[in-house]
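Below is one structure, written out as C-alpha cells; the observations come after it.
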Amino acid sequence: MLRIERLDLRIHDRERFDCGEVSLNHYLRRLAGQHLRDGIATTQVLVDEGAPSRILGFYTLAAAQVALDVLQPADRRRLPRYPVPAARLARLAVVHAEHGHGLGAALLQDAVKRCLALRADLGVLVLVVDALSEGPAAFYRLYGFRNTSTDALTLYLPLGKG
Ligand SMILES: CC(C)(COP(=O)(O)OP(=O)(O)OC[C@H]1O[C@@H](n2cnc3c(N)ncnc32)[C@H](O)[C@@H]1OP(=O)(O)O)[C@@H](O)C(=O)NCCC(=O)NCCS
C-alpha cells in the first residue's frame, strides 16, 4: 500500500532516487532536508509500506505570493488590489522507473488537498508552479492549472472561493 508522508532523513533513502532530472534529484538529496529544517519549504515523499525507505516520488511546497495581474482576468475579478496569497509547488517528481503509473497525479492531488486544508488557517488562493518544460506544463494543465499572463511555463490552480 502506498502512502505519502513528510520527508524524514533518518528513514528515507534520498541517494537512490532518480527521476531523470538532475536538478530535482539534487534538490531531494542535498536541499530538501535543510529547507524542511529551516522552515523554507516542506517535502512529502511517496513510499510503499513494504519498502518504506525507498522514495517513489516527492513534492515540495512553499509559501508564495503572486502579483494580481499574473492571474487571468476572470480570476482577478472582485479581488483586492494586493498581491495574491499563494502556495508554490516548488518541486514534484516521480522515480523514473515508475513514470506513467499515476504516481505524479497522486502526489499532485495530495499537494492540492494539503493546500485546501491550509485555507482554514491561512489565506491561500492559488497554487502556482514553474514547470520545467512544456511536457510537465501539459501534465499540470490536465489537472486544471491555467496559464499565467507572465510566463508560458508558470501556471496556477485556483483553490476556490467561499
Ligand atoms: C511530470 C511527472 C511528475 C509526471 O508523473 P507521472 O507519474 O509520470 O504521471 P502520471 O502517470 O500520474 O500521469 C498522469 C497523466 O499525466 C499525463 N502526463 C504525464 N507526464 C506528462 C508529460 N510529460 N506530458 C504530457 N502529459 C503527461 C499522463 O499521460 C497521464 O494522463 P492520462 O491520465 O490521460 O493517461 C514525472 O514524469 C516526472 O517526475 N518527470 C521528471 C521530473 C519533472 O519534470 N517534474 C516536473 C517539474 S515541473
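Note that ligands are numbered from 1 as they come in the structure, with each ligand's atoms numbered from 1 the same way. Heavy-atom basis, side chains included; hydrogens, waters and symmetry copies ignored. For reference, positions follow the sequence shown, starting with 1.
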Report yes or no: does [X] contribute a side-chain atom to a donor-acceptor pair with the main-chain N or O of [Y] at less than 3.5 Å?
{"X": "Arg146", "Y": "Leu71", "answer": "no"}
{"X": "Arg119", "Y": "Val124", "answer": "yes"}
{"X": "Arg14", "Y": "Ala32", "answer": "no"}
{"X": "Gln44", "Y": "Arg6", "answer": "yes"}
{"X": "Asn25", "Y": "Cys19", "answer": "yes"}
{"X": "Tyr156", "Y": "Gln72", "answer": "yes"}

Strictly less than 4.0 Å: does any protein heavy-atom distance to [atom] fall in that range?
{"atom": "atom 2 (C) of ligand 1", "value": "no"}
{"atom": "atom 39 (O) of ligand 1", "value": "yes"}
{"atom": "atom 7 (O) of ligand 1", "value": "yes"}

> Nearest non-hydrogen atom to atom 11 (O) of ligand 1 belongs to which of Ser133, Gly102, Ala93?
Replying inline: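 That would be Gly102.
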Per-atom contacts of ligand 1 with [X], taking only distances under 4.0 Å to non-hydrogen atoms:
{"X": "Cys19", "result": "41 (C)"}
{"X": "Gly100", "result": "6 (P), 7 (O), 8 (O), 11 (O)"}
{"X": "Ala138", "result": "25 (C)"}
{"X": "Gly135", "result": "22 (C), 23 (N), 24 (N), 25 (C)"}
{"X": "His101", "result": "11 (O)"}

>> Heavy-atom contact check, 4.0 Å cutoff: does Gly20 meet ligand 1?
In response: no
>> When you measure from the heavy atoms of Tyr143 to every atom of ligand 1, does any distance fall below 4.0 Å?
In response: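 True for this residue.
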What is the closest protein heavy atom to [atom], and at what distance does it sit?
{"atom": "atom 19 (C) of ligand 1", "value": "Phe139 CD1, 3.7 Å"}
{"atom": "atom 46 (C) of ligand 1", "value": "Leu92 O, 3.4 Å"}
{"atom": "atom 43 (C) of ligand 1", "value": "Leu24 CD1, 3.6 Å"}
{"atom": "atom 36 (C) of ligand 1", "value": "His99 NE2, 3.6 Å"}
{"atom": "atom 12 (O) of ligand 1", "value": "Ala105 N, 2.8 Å"}
{"atom": "atom 48 (S) of ligand 1", "value": "Leu132 N, 3.4 Å"}
{"atom": "atom 5 (O) of ligand 1", "value": "Gly104 CA, 3.4 Å"}
{"atom": "atom 29 (O) of ligand 1", "value": "Leu142 CD1, 5.0 Å"}

> Minimum heavy-atom separation for Thr60 to Ala41, with atom names?
Replying inline: CG2-CB, 3.6 Å
>> Please find the pair of heavy atoms, one from Leu132 and one from Glu21, that lie closest to each other, and give the distance.
In response: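 Scanning both residues completely, I find the closest heavy atoms to be CD1-CG, 3.5 Å.
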> Quick one: does Tyr27's side chain get under 4.5 Å of His35's, heavy atoms only?
Replying inline: yes
> Is any side-chain heavy atom of Asn147 less than 4.5 Å from a side-chain heavy atom of Leu155?
Replying inline: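 In contact.
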>> Show, in sequence, the C-alpha distance, side-chain angles and deciding distance for Tyr140 and Leu108, and conclude whether the side-chain contact (heavy atoms from CB on, under 4.5 Å) test is met.
In response: CA-CA 9 Å; Tyr140 292 120; Leu108 181 58; 4.2 Å; yes
> Heavy-atom count around Glu5 CD within 6.0 Å, excluding the residue itself: above 12?
Replying inline: yes
>> Could you check whether atom CZ of Arg16 has more than 12 heavy atoms from other residues, nucleotides or ligands sitting under 6.0 Å from it?
In response: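 Atom CZ in Arg16 is not crowded, with 12 or fewer foreign heavy atoms closer than 6.0 Å.
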> Under a 4.0 Å heavy-atom limit, does Tyr140 contact ligand 1 with its side chain, its backbone, both, or neither?
Replying inline: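 Contact part for Tyr140 vs ligand 1: side chain (C-beta onward).
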> Is Arg91 touching ligand 1 with its side chain, its backbone, both, or neither, if touching means heavy atoms under 4.0 Å apart?
Replying inline: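 Contact part for Arg91 vs ligand 1: neither.
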